[in-house]
Number of protein chains: 2
Amino acid sequence: MPKETFFNLPEEKRQQILNVAIDEFATNTYAQASVNRIVEKAGIAKGSFYQYFKSKKDLFLYLMQVIGEEKMTYLAPTLQNIHQYDFFTCLREIYAAGIRFATQYPKYAEIGKKLLASKDTPIFEELVDQNLPVASQLFQELLHQAIQRGEIRPDIDINLIAYLIASINTTLLEYYTENINQEFDEKILNTVEKFIDLLRNGIGTK
Amino acid sequence: MPKETFFNLPEEKRQQILNVAIDEFATNTYAQASVNRIVEKAGIAKGSFYQYFKSKKDLFLYLMQVIGEEKMTYLAPTLQNIHQYDFFTCLREIYAAGIRFATQYPKYAEIGKKLLASKDTPIFEELVDQNLPVASQLFQELLHQAIQRGEIRPDIDINLIAYLIASINTTLLEYYTENINQEFDEKILNTVEKFIDLLRNGIGTK
DNA sequence: TGGTCATATGACCAGGTGGTCATATTGTAT
DNA sequence: ATACAATATGACCACCTGGTCATATGACCA
């Protein structure tokens, strides 16, 4: 958590610092991101930075919290109605929410991607420790319920499929940020639809 | 390319240096890997390193070449008989070859994974420039042929599915290195089979 | 005016990085 | 034994890193 000094800052300056930090972490890994560059771009003294944050890690963890909360506002509506829909509808909604989030905050998505790409680094462990519900676990639960309701073949490997579905989320995002920049939601969601169809005919009851 | 001096080295010493380097790049990203650590662990002087290699990049690119060649010997048999089998058999063979390779040389696989995880870094561009045939392109071609032979629904999005299939390769590998260390080939290949089944019922002609 | 307190500052630190280079050591051919 | 080239060496370089700290600034209050 940032120090009180940071929250006492005028709104404008605080946002400026956060924006610069977001840029830095969206462009570089946690390890490669540089406090020196951040203070330079933000136009503050090195010493000031350490009046606001305990450390580079402190800033990053705070950023992750902000991003996480923001993402939750996108996911919450879906997660609340999760029992009203069948598995594939849920899945589509979750993917769609993720894509809307990434479209709205591409830099946040980039930071998340960079983080996932750098597992096995200390900062990653620290984050999942305090942020237990990894995506894959959510999908495992959904799959389990879907099987009980007879929506999905009971002979699938839940762990594997959940892992696959979770990673496809990232992959779909990557695919679109690489191949089709700035396209409209419609076309993106159309692709999600295609993928869900593929998945349904694969693991759904016929 | 390493300097001639490196290749004049006695076999044993040369291998020792390579092994240490492989360890270093399997444990760290290219950016995080340290020449200082390498020379220390290899028991050679810093100056000697730069008698053998033009730079850190020189060593890494050479390593990638060695790894690439090694992987090709695993893939070559499959790629040669590529026209004799249907799409899904080809796919299974390619996945299987990849998994056998990763089982045999887990450190090579780790280096490859680290590299893929750090796209958008200069070294990555440099590598794909001289190493054109990215996996996804191979799958695109296979899909195209399979559609012409009527093995696959013609209405799929080839780009997307190829990208998905390519990335699943990495994902499957990750899944197994994370969840089931040191299992026997049989079980791993069993999972590949499951996944291919899933894919077939999704995009195959019924 | 003087005192107090939160904040701002940048020189500085120890420790790392990739890379260089003058010098020392070795092997070999004469 | 001598000469010459190939190789080995580690002190050194400039530059970077995250983090510290004594000092300066300025706002508010008495």
Side-chain angles (χ1 to χ4, degrees), chain A residues 1-18 20-25 27-64 114 118 121-124 126-127, chain B residues 1-18 20-25 27-64 114 118 121-124 126-127:
Chain A
M1 259 299 139
K3 301 180 184 175
E4 206 193 322
T5 316
F6 178 67
F7 295 107
N8 292 341
L9 247 38
E11 167 76 19
E12 197 185 354
K13 187 169 185 178
R14 212 172 58 231
Q15 265 308 323
Q16 158 77 353
I17 293 172
L18 285 184
V20 168
I22 287 167
D23 264 351
E24 180 71 12
F25 285 112
T27 315
N28 306 91
T29 343
Y30 171 76
Q32 287 161 350
S34 156
V35 173
N36 288 325
R37 272 197 299 264
I38 291 176
V39 301
E40 189 189 354
K41 284 183 199 160
I44 62 173
K46 185 82 164 288
S48 297
F49 180 93
Y50 285 93
Q51 300 261 23
Y52 305 148
F53 305 99
K54 280 194 282 294
S55 62
K56 172 181 166 181
K57 190 169 78 181
D58 186 30
L59 164 60
F60 185 72
L61 257 34
Y62 174 62
L63 234 53
M64 290 310 291
K114 285 241 163 46
S118 60
T121 164
I123 195 82
F124 187 83
E126 199 146 342
L127 257 165
Chain B
M1 261 299 140
K3 300 180 184 175
E4 205 193 322
T5 315
F6 179 66
F7 295 107
N8 293 340
L9 246 39
E11 168 75 17
E12 197 184 354
K13 188 169 183 179
R14 212 173 58 230
Q15 265 308 322
Q16 159 76 353
I17 293 172
L18 284 184
V20 168
I22 287 167
D23 264 351
E24 180 71 13
F25 285 113
T27 316
N28 306 90
T29 344
Y30 172 75
Q32 287 160 350
S34 156
V35 173
N36 288 323
R37 273 196 300 264
I38 291 176
V39 300
E40 188 190 355
K41 285 182 198 160
I44 61 173
K46 185 81 165 288
S48 298
F49 180 93
Y50 285 94
Q51 301 261 20
Y52 306 148
F53 306 99
K54 282 195 280 296
S55 61
K56 173 181 168 181
K57 191 169 78 182
D58 185 29
L59 164 62
F60 185 72
L61 257 32
Y62 175 63
L63 234 55
M64 290 310 293
K114 286 240 164 45
S118 60
T121 164
I123 195 81
F124 187 83
E126 200 146 342
L127 258 165

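First the proteins, then the strands, lettered A, B, ... as listed; each starts at 1. Every heavy atom of this structure was used, including side-chain atoms; hydrogens, water molecules and symmetry mates were not.
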Exercise. Across the strands shown, which category fits A:Ser48 at heavy-atom distances under 4.0 angstrom: base, sugar-phosphate, nothing?
Worked result: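 Result for A:Ser48 = base.
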Exercise. Base, sugar-phosphate alone, or nothing: which one does B:Lys13 contact when heavy atoms must sit under 4.0 Å apart?
Worked result: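 Sugar-phosphate: the residue B:Lys13, judged by heavy atoms under 4.0 Å, touches backbone atoms but no base.
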For this session: Please state whether the rings of B:Phe25 and B:Phe60 are parallel, tilted or perpendicular, taking 30° and 60° as the class boundaries.
Result: tilted
Exercise. Has the side chain of A:Lys46 got a donor or acceptor that lies under 3.5 Å from a partner of the other kind on the base of D:dG19?
Worked result: yes
For this session: Could you point out which residue of A:Lys114, A:Lys41, A:Lys56 forms a salt bridge (Lys or Arg N to Asp or Glu O under 4.0 Å) with A:Glu24?
Result: A:Lys41
Distance in angstrom units between [X] [atom1] and [N] [atom2], rounded:
X       : N      : atom1 : atom2 : value
A:Asn36 : C:dT17 : CG    : P     : 17 Å
A:Ile17 : C:dT7  : CD1   : P     : 12 Å
B:Gln16 : D:dA8  : CD    : C1'   : 16 Å
A:Gln51 : D:dG18 : CD    : P     : 18 Å
A:Phe6  : C:dA8  : CZ    : C1'   : 16 Å
B:Arg37 : C:dG16 : CZ    : P     : 10 Å
B:Glu40 : D:dT9  : CD    : P     : 14 Å
A:Tyr30 : D:dG18 : OH    : P     : 9 Å

For this session: Tell me which nucleotide among C:dT9, D:dG18, D:dT9 gets nearest to the side chain of A:Tyr50.
Result: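 Looking only at side-chain atoms, A:Tyr50 lies closest to D:dG18.
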Problem set entry | Out of D:dG18, C:dG19, C:dA8, whichever nucleotide has its closest atom nearest the side chain of B:Lys56 | C:dG19
Exercise. If you measure from the Lys or Arg side-chain nitrogens to the Asp or Glu carboxylate oxygens, is any gap between A:Arg14 and A:Glu11 under 4.0 Å?
Worked result: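 A salt bridge is present here (some side-chain N lies under 4.0 Å from a carboxylate O).
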Problem set entry | Pi-cation contact, A:Tyr30 with A:Lys57 (under 6.0 Å, within 45°) | no
For this session: Answer yes or no: does a side-chain N or O of B:Asn8 lie under 4.0 Å from OP1 or OP2 of D:dT7?
Result: yes
Problem set entry | Partner nucleotide of D:dC29 by Watson-Crick or wobble geometry (both distances under 3.5 Å) |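 Looking at the geometry, D:dC29 pairs with C:dG2.
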